[in-house]
Amino acid sequence: VQLQASGGGLVQAGGSLTLSCEASGNIVSINSMAWYRQAPGQRRELVASINSGGTTYYVDSVKGRFAISRDSTKNTVYLQMNSLEPEDTAVYYCKAVIWTVVTVLTRGDFWGKGTQVTVSS
């Protein structure tokens with residue numbers, strides 16, 4: 001199983017970006033998908049998550065500005081980021097809890113490589 005994230009970049013404060021993360025490989029089903037971020041010298045934090053039923057969670061600092069969604073037919077999660085602030089600058093990582101089959105059915109946490117988001121003031 002692999003997760004491929006894309007969509008990061010450089011944007012001015014107040015601007016918008018959309019991140020995408022597609023899961024591929026031997027996937028039986030995906031429980032939840034999420035976005036984390038890690039700024040230099042900071043711990044990695046959960047930004048937003050969405051479960052198989054569509055229930056979402058957002059960290060307080062992004063509520064009202066970010067929106068997470070998923071396309072189950074494409075095994076893809078999105079993060080629409082609006083009204084970006086310099087404090088949102090970080091490497092963003094996607095994570096998915098996935099049921100897969102190696103020799104037996106197994107549930108595991110899978111991470112994508114990060115994508116850099118830089119917001120200039």
Enquirer: If you round to the nearest 0.5 Å, how far is CE of M33 from CG of D71?
Expert: 10.0 Å
Enquirer: Which residues pass the side-chain contact (heavy atoms from CB on, under 4.5 Å) test with T56, sequence neighbours left out?
Expert: I50, Y58, I68
Enquirer: Quick one: pull up CG in N82 and CG in L17 and give me the separation to the nearest 0.5 Å.
Expert: 9.5 Å
Enquirer: Could you tell me the separation between the CD atom of Q80 and the OG atom of S16, rounded to the nearest 0.5 Å?
Expert: 5.5 Å
Enquirer: Give me each pair satisfying side-chain hydrogen bond (donor to acceptor under 3.5 Å, both in side chains) with a member in residues 97-114, each pair once, sequence neighbours excluded.
Expert: N31-W99
Enquirer: Any chance you could lay out the side-chain contact (heavy atoms from CB on, under 4.5 Å) test for R70 and S52, step after step, and finish with the verdict?
Expert: CA-CA 9 Å; R70 64 189 281 181; S52 56; 4.3 Å; yes
Enquirer: Counting only heavy atoms not in E45 (residues, nucleotides, ligands), do more than 12 fall under 6.0 Å from its CD?
Expert: yes
Enquirer: To the nearest 0.5 Å, what is the distance between CG on L19 and OH on Y93?
Expert: 13.0 Å
Enquirer: Do S49 and S32 have side chains that approach each other closer than 4.5 Å (heavy atoms only, starting at C-beta)?
Expert: no
Enquirer: Enter the distance from M81:CE to Y92:OH here, rounded to the nearest 0.5 Å.
Expert: 5.5 Å
Enquirer: Say you draw a straight line from CZ of F110 to CD1 of I98; how long is it, rounded to the nearest 0.5 Å?
Expert: 5.5 Å
Enquirer: Could you pull out all residues at least two apart from S121 that satisfy side chain to side chain donor-acceptor pair (under 3.5 Å)?
Expert: none
Enquirer: Please enumerate all residues that pass salt bridge (charged side-chain N to carboxylate O under 4.0 Å, His left out) together with R65, with sequence neighbours excluded.
Expert: E85, D88
Enquirer: Hydrophobic clusters here meaning ILVMFWY residues chained together by side-chain heavy-atom distances under 4.5 Å, can you tell me if L79 and V117 are in one?
Expert: yes
Enquirer: Can you sort out the partners of Q116 under side-chain contact (heavy atoms from CB on, under 4.5 Å), two or more places apart, ordered by chain and number?
Expert: T89, V91, T118
Enquirer: Hey, could you give me each pair passing disulfide bond (SG atoms under 2.5 Å apart) that has a residue in residues 69-121? Not counting sequence neighbours.
Expert: C21-C94
